[in-house]
Enquirer: 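Below is the structure I would like to discuss, written out as structure tokens.
So that the names make sense, note that chain A is the first sequence line, chain B the second, and so on, each numbered from 1.
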Amino acid sequence: MADTPRRLVIVESPTKATKIAGYLGPGYVVESSRGHVRDLPTSAAEVPARYKGQPWARTGVNVDADFTPIYVVSADKKATIRKLKTDLKDSDELYLATDGDREGEAIAWHLLQELKPTVPVRRMVFHEITRDAIQEAVAHPRELDEDLVQAQETRRILDRLYGYEVSPVLWKKVMPRLSAGRVQSVATRLIVDRERERMAFRAASYWDLEATLDAGAEASPREFTARLVGLDDRRIAQGASFDSLGRVKGDVVVLDEAAAAVLAAALEKAPFSVAGVEAKPYTRRPAAPFRTTTLQQEAGRKLGFTTDRTMRIAQELYEGGWITYMRTDSVTLSDQAVDAARDAVRSLYGADYLPDRPRIYASKVKNAQEAHEAIRPAGASFRTPAQSGLSGDQFRLYELVWQRTVASQMADATGQQMIVRIEASCPQRVDLGERAGAVRTARFAASGRTITFPGFLKAYVESTDDPAERTTRLPRLSPDQPLDPVRVAAEGHATKPPARFTEPSLVAKLEELDIGRPSTYASIIRTITSRDYVFKRGAALVPTWLAFAVTRLLEEHFTALVDYDFTADLEEQLDSIAKGQVDRLEVLRDFYFGPQDGQASGRSAREGLHELTRALGDIDARALSTFHLGDLDSGVDVRVGRYGTYVEDEDAHRANVPEDMPPDELTVEAARELLARAGGGDRELGLDPQTHVAIVVRNGRFGPYVTEVLPEDEAPAKGSKRAKPRTASLFRSMDPASVTLDDALRLLSLPRVVGGEGEDVITAQNGRYGPYLKRGTDTRSLPSEEAIFTTTFEQAEELFSQPKRRGRAAAAPLRELGADPANGRPVVVKDGRFGPYVTDGETNATLPRTDSVEAVTLERAAELLAAKRAKGPAPKRRGSRGTAKRATAKTKKATTKRTAKASGAAGPKGAAGSAAGSASDARAGERPGTAAGSTARATE
DNA sequence: CAGTGAGCGAGCTTCCGCTTGACTT
């Protein structure tokens, strides 16, 4: 028997690999790439040495050489590549079987680049994992689609440039660690825009009537309700009759409470009768099978799952072989799935519930890439939820998928829709006041629905966010039939602001705008939440004021980038590239350098990203992060600052805005309330027995502190020793809620004289870097705050007799690696403020995250040190006013102050260092900015 | 948003889309 050739097939997912192997049989080895195998470098640590120092190394895209990208195999992908290379060695043929969409094609191309196969290579593509589809695909391979790869690279490069060029603008202008991106920035803007609508919204109130009517003893049901729709020949106002500012649209009667009450009373005695009955056939079709977004929506509404949770459970079900792939934009069912669904319908519900022909669903998603099937129960026959043996979340999600899939192949639900018009005339005109006038006839309506054949509703009812589906059961009624009013009740209503986005509704909106992909919807929400752009209140996504500031900056200075049509336009261009009609360079140049001169076809000239990110002087950070509340003369602003968001009044009084307060609740009144509480919210500890001045504990920029409240009108002139109140931070061991007057007096008594005379007097006190001793201009740190009070003169002198850095420099190395071959100096690993680093006593190099203290070798250390020496000393930073100094700011209510303070004395990992560092660097800032680092610094 | 003195390894943060890892005998 001749040797059968051995073929290596590579797909994306291990689960898929196992599945396919079963359909291909012997002679095929199926492996997986586990997603993308290489990418642009994410950080400086990943940039290959030969590119370091290039101005474009930071983004990994050489914009001056036709946007050439550099690709690296990240540490966690190296093993995958190694494995695939080994497998390839024993193979006679390579089948690249990644998805047929843009990303899948690119993965195949990257695999080729990395594996460099010497055997024949084929590209095979399938859209469903069934035996037929796989065998068909392997029998008809195609070539790699270079144009599709070009489209993916364009997408990748553009996203990188957007993200890595715009984010630094935010670091400089707003806060470090912020981010911007094609997807997240628009997602954030959607949420901010909705909040703006809510803030601009003005509620309208209106009243109407609900009549409970008796249709006579034979009727079933005997009683039903009808709602007032008109008076004489005018319509009555409903919610939709008002605009968002509470103004009435069109010619309608608006009833207030008094008018509604008068009318209700008059109608209770009036004769009602049926004016007309309309019956229309009603049919309802089942919804399409699930794709990622609809699964997330329904799991959210019916099961209360977050998008994250839905995807996690779906992944488990996929890996367990229960459902098909969960990241898909397709609603197509394979023939196998249609058969399985129809079998289930026939056996569980009967032939009546089965349509003559299979239902076919087309994707409504623009530019859907349809690399997969819809999400459905896996296999050629569907296991019912009851048979599955699954439990908990898995059971519930599987049941949802099963029901939706089966229902999608069931018959329509049919029935009748009835609309009944009813009139009631008062014996004489009723005066309803100035706005409504005098009226005589009131018109009511009732609608109802009867389902005569439930069809797919037997299996699955799609839920809805819209409560408009409110219907009543109606009796049989005929024209002119008299009705007896049992009760006529006036009901008040108010228009509501547009609802906030929830996770699923945001995802649905993003999909509609063609922003994001099935694999990223859940992570988009994670990103904007972790950046503090958005937080959740119940199910609602609420934007922060930080999001308002960032969105405003982007809208004003990067307008095109946060346009809701930006991605959709981009998709069109990518499509053209994929079809080979457009060169990617045109698209990238246009985006980065702006439209080239002359050729503009009536379209207004726009600056490219390159120009925009360098025009920092035009961006007024202070103005962008200030929001005026209420009317022009309200005098109250909200400001997004380094220590969080606060409100400020005309007298520059300030108060923090609680982190969980939605922007639309921060009215002028609420702000005044916060200010009042902040002003009067100090806890009074008592009076200083000596001076009779009140001592309070208060929260400040550096944490809780005690201070004196000096009488306002105290004349400062007459021999007063101090114009300012004494203040002192609490010790870390103290709590603002429990600190006593004695504690406060002790703190305010500082500095303590420890001993000595004249020039040599030693004092003990608390400072920026923690507790310390001072003698003249010389200082020494103290081991604890308590030591400020307990240190004796002898101990103090002992401390001063020792050199300054004692105790800190004594830290023992973590490891000793031996002599550096470069210079023979001993190399050791040490732990420092910025994490572990290697040093030869002169040059220091921080260990990259990819190296561990345990695993680092002498060779590796020597490499790191050599790289560091080659770079030369770090350029001194130029001091810049404003934003550059806020390095440690974090919006979370954090503890930055206390840890910062502690760091000086005890902890090596303090945050205080950077703040202090840049302050002192400001003096050394004269030297010319030669290094790359100084080119993009904020000046203003 | 209160304000008091050091001397230290500074260097990194960030995008969107694919997908689940797991060193060596």
Enquirer: Please tell me if Arg726(A) has a side-chain N or O lying less than 4.0 Å from either OP1 or OP2 of dT4(B).
Expert: no

Enquirer: When you look at Lys774(A) and Gln765(A), which way does the side chain to side chain contact (heavy atoms under 4.5 Å, CB included) test go after all the steps?
Expert: CA-CA 8 Å; Lys774(A) 183 173 179 180; Gln765(A) 59 229 282; 3.6 Å; yes

Enquirer: When you check the phosphate oxygens OP1 and OP2 of dA6(B), does a side-chain N or O of Thr779(A) lie under 4.0 Å from one of them?
Expert: no

Enquirer: Would you check if the side chain of Ser523(A) reaches a backbone N or O of Thr520(A) as a donor-acceptor pair within less than 3.5 Å?
Expert: yes

Enquirer: Using a 5.5 Å cut-off between ring centres and planes within 30 degrees, is Tyr772(A) stacked on the base of dA6(B)?
Expert: no

Enquirer: Does the Tyr164(A) side chain pair with the main chain of Thr42(A), one donor and one acceptor, at a distance under 3.5 Å?
Expert: yes

Enquirer: Lys77(A) side chain to Arg34(A) main-chain N or O, any donor-acceptor pair under 3.5 Å?
Expert: yes

Enquirer: Are the side chain of Glu708(A) and the backbone of Arg726(A) linked by a donor-acceptor contact shorter than 3.5 Å?
Expert: yes

Enquirer: Using a 4.0 Å heavy-atom cut-off, does Ala655(A) contact any base of the nucleic acid, only the sugar-phosphate backbone, or nothing at all?
Expert: nothing

Enquirer: Check whether any side-chain nitrogen or oxygen of Thr707(A) sits under 4.0 Å from OP1 or OP2 of dA2(B), and answer yes or no.
Expert: no

Enquirer: Nearest of dG17(B), dT13(B), dT4(B) to any side-chain atom of Arg177(A)?
Expert: dT13(B)

Enquirer: Taking only the side-chain nitrogens and oxygens of Thr520(A), find out if one of them lies under 4.0 Å from OP1 or OP2 of dG17(B).
Expert: yes

Enquirer: Which part of the nucleic acid does Asp778(A) contact within heavy-atom distance under 4.0 Å: base, sugar-phosphate only, or nothing?
Expert: nothing

Enquirer: Are Arg156(A) and Glu103(A) ion-paired here, with the side-chain N under 4.0 Å from a carboxylate O?
Expert: no

Enquirer: Do the side chain of Tyr533(A) and the main chain of Ser179(A) share a donor and acceptor less than 3.5 angstrom apart?
Expert: yes

Enquirer: I want to confirm an ordering. Mapping Asp101(A) and Val166(A) to their closest nucleotides on DNA chain B, which one lands closer to the 5' end?
Expert: Val166(A)

Enquirer: Taking syn as any angle within 90 degrees of 0 and anti as the rest, which one fits dG9(B)?
Expert: syn

Enquirer: Return the nearest nucleotide to the side chain of Trp171(A); candidates are dG17(B), dT13(B), dC18(B).
Expert: dT13(B)

Enquirer: Can you tell me whether the base of dG11(B) sits syn or anti, using the 90° cut around 0 to define syn?
Expert: anti

Enquirer: Ignoring hydrogens and angles, answer whether the base of dC15(B) and the side-chain atoms of Arg160(A) contain a donor-acceptor pair closer than 3.5 Å.
Expert: yes

Enquirer: Pick the closest DNA chain B nucleotide for Gly104(A) and for Ser179(A) by heavy atoms, then say which residue is nearer the 5' end.
Expert: Ser179(A)

Enquirer: Considering only dT14(B), dG3(B), dC16(B), which nucleotide approaches the side chain of Asp39(A) most closely?
Expert: dC16(B)

Enquirer: Can you identify which nucleotide, out of dG17(B), dC15(B), dT13(B), has its nearest atom closest to the Arg156(A) side chain?
Expert: dC15(B)

Enquirer: State which of dC1(B), dA2(B), dT14(B) makes the closest approach to the side chain of Gln184(A).
Expert: dT14(B)

Enquirer: Students often get this wrong, so: under 4.0 angstrom with heavy atoms, is Leu170(A) touching a base, only sugar-phosphate, or nothing?
Expert: nothing

Enquirer: Do Arg517(A) and dC18(B) have a side chain to base donor-acceptor pair shorter than 3.5 Å?
Expert: no

Enquirer: Check whether any side-chain heavy atom of Asp329(A) lies under 4.5 Å from a side-chain heavy atom of Arg517(A), and answer yes or no.
Expert: yes

Enquirer: Are OP1 or OP2 of dT13(B) and a side-chain N or O of Arg58(A) less than 4.0 angstrom apart?
Expert: no

Enquirer: How does each nucleotide of nucleotides 20-25 of chain B score, in 5' to 3' order, for protein heavy atoms under 4.0 Å: base (B), sugar-phosphate only (S), or none (-)?
Expert: SSS---

